Peer 1: 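First the structure, then my questions, so here it is.
What you see is a predicted model; the values in this text were computed from it and never measured. Both backbone and side-chain heavy atoms feed into the values below; hydrogens, waters and symmetry mates do not. One-based numbering, in listed order, for ligands and for the atoms of each. In this chain, residues are counted from 1 in sequence order.
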Amino acid sequence: MSKQTSVKLVLLGEAAVGKSSLVLRFVSNDFQENKEPTIGAAFLTQRCTIGTKTIKFEIWDTAGQERFANLAPLYYRNAQAALVVYDITKPASFIKARHWVKELHEQASKNIVIALVGNKYDLLVDPETGDEIEGRRSVSVEEGQALADEEGLLFFETSAKSALNVNEVFTAIGKQIPEE
Ligand code: GTP
Ligand code: MG
């Protein structure tokens with residue numbers, strides 16, 4: 001019999017970086033071009049099998065709009081995992097991600113597993129060649145990786161639109177969660 005573990009996971013990040021879209025991709029394998037902003041927070045669950053382990057993710061998708069900022073601690077306080085999301089084409093969203101990581105390390109559970117996620121990779125890609133177009137990105141891979149290394153985070157660049165690395169983020173988190 002395989003073991004089942006529940007994992008409380010929170011998504012944090014500036015408005016419109018694609019938090020809800022990453023969750024929609026992970027839970028329903030779907031994408032919406034004009035997704036409406038989250039109000040307060042949304043709760044969704046998804047099961048995921050990693051080897052012999054089944055993980056039930058209990059996902060709190062928070063609202064990035066500034067007027068909801070004071071709600072975030074309610075959701076990250078007892079979270080075992082967090083996705084801190086930025087948009088690789090928006091430098092301000094990377095600065096915001098830095099702040100979230102700092103706040104989590106100060107206020108959240110001591111052994112929380114955090115993944116830093118640079119989303120919207122598809123915006124960099126030439127549809128003809130599939131290669132990254134030079135000069136399109138605002139946050140380099142090196143900057144993302146450096147922050148992750150400094151702070152002990154998992155690090156991925158993703159696209160909720162193309163599905164790049166979305167399952168991989170959750171799988172990597174699942175692997176780092178200790179067995180109950
Ligand atoms: P809040 O709920 O306001 O905090 O925003 P959010 O972080 O949940 O962003 P949301 O998922 O609502 O996405 C915002 C917009 O970006 C939507 O129009 C999405 O379709 C778009 N978007 C999200 N992810 C991607 C992506 O990977 N690539 C592209 N091209 N667009 C994306
Ligand atoms: Mg949202």
Peer 1: I'd like to check Asn119 versus Tyr86 (side-chain heavy atoms, cut-off strictly below 4.5 Å). Are they in contact?
Peer 2: no
Peer 1: Determine whether Arg137 and Glu132 satisfy the following criterion, salt bridge (Lys or Arg N to Asp or Glu O under 4.0 Å), listing intermediate values before the conclusion.
Peer 2: CA-CA 9 Å; Arg137 63 160 75 228; Glu132 187 177 324; 2.8 Å; yes
Peer 1: Do Ile114 and Glu151 have side chains that approach each other closer than 4.5 Å (heavy atoms only, starting at C-beta)?
Peer 2: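 The answer is no; the side chains never approach within 4.5 Å.
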Peer 1: For ligand 1 and Ala160, I'd like to know whether there is a polar contact (N/O to N/O, distance under 3.5 Å).
Peer 2: yes
Peer 1: Indicate the ring-plane relationship of Phe170 and Phe26, choosing parallel, tilted or perpendicular according to the 30° and 60° boundaries.
Peer 2: parallel
Peer 1: Would you say Ile59 and Val27 make side-chain contact, with heavy atoms under 4.5 Å?
Peer 2: yes
Peer 1: Report whether any nitrogen, oxygen or sulfur of Ser20 sits less than 2.8 Å from the Mg ion (ligand 2) (N, O or S, backbone or side chain).
Peer 2: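 Here the distance criterion (N, O or S atom, under 2.8 Å) is met by Ser20, so yes.
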Peer 1: Considering the heavy atoms of Ser159, write down every atom of ligand 1 situated less than 4.0 Å from one of them.
Peer 2: 27 (O)
Peer 1: Hey, looking at atom 30 (N) of ligand 1, which of Leu11, Asp122, Leu124 has the closest heavy atom?
Peer 2: Asp122
Peer 1: Assess whether a salt bridge exists between Glu134 and Arg136, defined as any Lys/Arg side-chain N lying under 4.0 Å from an Asp/Glu carboxylate O.
Peer 2: no
Peer 1: Applying a 4.0 Å heavy-atom criterion (strictly less than), which segment of Asn119 is in contact with ligand 1: side chain, backbone, both, or neither?
Peer 2: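 Answer for Asn119: side chain.
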Peer 1: Any idea which of Gly64, Ala41, Gly18 brings a heavy atom closest to atom 4 (O) of ligand 1?
Peer 2: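 Ranked by closest heavy atom to atom 4 (O) of ligand 1, first place is Gly64.
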Peer 1: Would you say ligand 1 has an N or O under 3.5 Å from any N or O of Tyr121?
Peer 2: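 N/O-N/O distance under 3.5 Å: no.
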Peer 1: Should you measure from each heavy atom of Lys161, which atoms of ligand 1 turn up under 4.0 Å away?
Peer 2: 26 (C), 27 (O), 28 (N), 30 (N)
Peer 1: Decide whether an N or O pair under 3.5 Å exists between Ala16 and ligand 1.
Peer 2: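 Indeed, backbone or side chain, Ala16 has an N or O that close.
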Peer 1: Counting only nitrogen or oxygen atoms and a 3.5 angstrom limit, does Ala63 reach ligand 1?
Peer 2: no
Peer 1: Should one rank Thr62, Thr38, Val17 by closest heavy-atom distance to atom 2 (O) of ligand 1, which comes out on top?
Peer 2: Thr38
Peer 1: Counting heavy atoms only, which of Ser21, Ala42, Ser20 is nearest atom 13 (O) of ligand 1?
Peer 2: Ser21
Peer 1: Heavy-atom count check: over 12 atoms from other residues, nucleotides or ligands less than 6.0 Å from Lys102 NZ?
Peer 2: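 Result for NZ/Lys102: open.
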Peer 1: Students should be able to answer this: which protein heavy-atom is nearest to atom 6 (P) of ligand 1, and at what distance?
Peer 2: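 Here the closest protein heavy atom is Lys19 N, 3.5 Å.
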Peer 1: Check this for me: Glu150, atom CD, are more than 12 non-hydrogen atoms of other residues, nucleotides or ligands nearer than 6.0 Å?
Peer 2: yes
Peer 1: Between Lys161 and Glu33, does at least one N-O distance fall below 4.0 Å, as a salt bridge requires?
Peer 2: yes
Peer 1: Which residue owns the protein heavy atom closest to atom 20 (O) of ligand 1, what's the atom, and how far is it?
Peer 2: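 The closest one turns out to be Gln32 O, 2.7 Å.
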Peer 1: Should one rank Lys35, Gln65, Glu14, Lys120 by closest heavy-atom distance to atom 12 (O) of ligand 1, which comes out on top?
Peer 2: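 The option holding the nearest heavy atom is Lys35.
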Peer 1: Give the residue and atom name of whichever protein heavy atom lies nearest to atom 31 (N) of ligand 1, and the separation in Å to one decimal.
Peer 2: Phe31 CZ, 3.8 Å
Peer 1: Just wondering, more than 12 heavy atoms not from His105 lying within 6.0 Å of its NE2?
Peer 2: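 Yes.
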Peer 1: Would you mind running through ligand 1 and noting each atom that sits below 4.0 Å from a heavy atom of Pro37?
Peer 2: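 Atoms satisfying the 4.0 Å criterion: 2 (O), 3 (O).
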Peer 1: Could you tell me if Lys96 sits above the aromatic ring of Trp100, with its cationic atom closer than 6.0 Å to the ring centre and no more than 45 degrees from the axis?
Peer 2: yes
Peer 1: Please check whether Leu123 reaches ligand 1 - meaning an N/O of the residue sits under 3.5 Å from an N/O of the ligand, judged on distance alone.
Peer 2: no
Peer 1: Using distance alone, determine whether Glu33 and ligand 1 share an N or O pair under 3.5 Å.
Peer 2: yes
Peer 1: Using a strict 4.0 Å threshold on nitrogen-to-oxygen distance, state whether Asp61 and Lys19 make a salt bridge.
Peer 2: no
Peer 1: Do you see an N/O/S atom of Ser21, backbone or side chain, under 2.8 Å from the Mg ion (ligand 2)?
Peer 2: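 It does not: Ser21 brings no N, O or S atom closer than 2.8 Å to the Mg ion (ligand 2).
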